[in-house]
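Heads up, the thing below is written out as structure tokens.
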Amino acid sequence: MVVGMHGRANVLVVDDEPAASEYVAAILGLQGYATSTVSTAEDALRAMKESPVDLMVLDAALGQTDGLEVLARVKAAHPELPVIMLSGNNFEDKRATEARRQGATAYLSKTLAPGQLMLEARNALRAREKTR
């Protein structure tokens with residue numbers, strides 16, 4: 001398991017759909033990561049001020065808020081933070097390209113297999129450890 005500064009890696013899941021955020025948190029929790037969930041961009045930014053975050057899993061559409069806008073705000077404040085974006089739409093090549101350009105570690109479909117998310121999370125956290 002990749003660990004953060006305080007033992008376990010802290011993963012913040014940002015999704016306005018409770019079932020989706022709980023599912024992602026459960027998958028990552030099985031890997032031993034400490035997970036927390038929020039449903040808005042404002043809550044995500046507040047949570048990041050209150051406690052350290054080692055990885056963010058971000059929905060590409062948070063209600064009326066565009067996930068790319070949230071990604072830009074997060075990366076401006078925390079450029080080293082790995083962010084995995086999740087989308088409910090499978091055919092978003094332009095958005096995926098833009099997300100990567102803005103610094104997203106990965107851009108995955110919400111219909112992903114749990115193993116894919118675990119692999120991306122592990123790789124993102126390992127890459128972050130190497131830069132510390």
Side-chain angles (χ1 to χ4, degrees):
M1 172 182 61
V2 179
V3 296
M5 295 185 307
H6 304 331
R8 300 188 313 164
N10 296 308
V11 181
L12 179 62
V13 180
V14 186
D15 197 314
D16 61 334
E17 297 176 28
S21 61
E22 294 297 324
Y23 177 70
V24 169
I27 290 170
L28 296 173
L30 290 173
Q31 289 298 113
Y33 303 132
T35 62
S36 56
T37 63
V38 295
S39 60
T40 68
E42 292 74 26
D43 288 345
L45 296 170
R46 188 176 313 110
M48 292 176 67
K49 288 180 183 176
E50 293 173 0
S51 64
V53 173
D54 300 305
L55 171 66
M56 178 182 283
V57 179
L58 173 64
D59 186 11
L62 293 171
Q64 300 299 318
T65 307
D66 187 331
L68 292 176
E69 177 186 320
V70 178
L71 175 64
R73 290 171 61 189
V74 167
K75 285 301 204 173
H78 304 278
E80 76 293 345
L81 181 69
V83 178
I84 296 172
M85 292 193 73
L86 297 180
S87 173
N89 299 322
N90 291 328
F91 302 103
E92 293 192 290
D93 292 337
K94 284 186 178 181
R95 288 182 58 83
T97 299
E98 181 60 20
R100 292 285 241 181
R101 191 187 69 70
Q102 289 187 25
T105 305
Y107 193 95
L108 306 173
S109 170
K110 283 187 177 182
T111 60
L112 65 120
Q116 185 180 9
L117 177 59
M118 288 188 272
L119 176 65
E120 290 292 347
R122 187 171 44 250
N123 289 344
L125 289 165
R126 282 187 180 147
R128 182 167 187 196
E129 274 186 356
K130 289 179 184 178
T131 63
R132 287 188 173 167

CG-CG distance between Leu55 and Leu12, expressed to the nearest 0.5 angstrom: 9.0 Å

So do Tyr33 and Met118 actually touch side chain to side chain, heavy atoms under 4.5 Å? no

Return the minimal non-hydrogen interatomic distance between Ala44 and Val14, and the atom names on each side. CB-CG2, 3.7 Å

Taking atom CD of Glu80 as the centre, does the number of heavy atoms from other residues, nucleotides or ligands within less than 6.0 Å exceed 12? yes

Side chain to side chain, Leu58 and Val74, heavy atoms closer than 4.5 Å: no

Leu86 side, atom CG; Tyr107 side, atom OH - distance, nearest 0.5 Å: 9.0 Å

Nearest heavy-atom approach of Gln102 to Leu68 is OE1-O, 3.0 Å

Does any part of the side chain of Leu62, heavy atoms only, come nearer than 4.5 Å to the side chain of Val70, both counted from C-beta? yes

Minimum heavy-atom distance Val57-Leu28, with the two atoms named: CG2-CD1, 3.9 Å

Filter on side-chain hydrogen bond (donor to acceptor under 3.5 Å, both in side chains), then keep only pairs touching residues 38-47, sequence neighbours left out; what's left? Thr40-Asp43, Asp43-Arg46

Spacing of CE belonging to Met85 relative to CG belonging to Leu71, to within rounding of 0.5 Å: 5.5 Å

Nearest atoms (heavy-atom pairs only) where Arg128 meets Pro82: CD-CD, 3.4 Å

All heavy atoms of Ala20 vs all of Asp15, minimum pair found to be CB-OD2, 3.5 Å

Donor-acceptor pair, Asp54 side chain versus Asn10 backbone, under 3.5 Å? yes

Side-chain contact, heavy-atom cut-off 4.5 Å: His78 with Met56? no

To the nearest 0.5 Å, what is the distance between CZ on Arg8 and CG on Leu125? 13.0 Å

Are Leu119 and Arg122 side-chain neighbours, meaning at least one heavy-atom pair lies under 4.5 Å? yes

For Glu98, check salt bridge (charged side-chain N to carboxylate O under 4.0 Å, His left out) against everything at least two apart and list the hits. Arg101

For Ala25 and Thr37, work out which heavy atoms get closest and say how close. CB-CG2, 3.9 Å

Is the side chain of Arg95 donor-acceptor paired with the backbone N or O of Ala60 at a distance under 3.5 Å, no angle test? yes

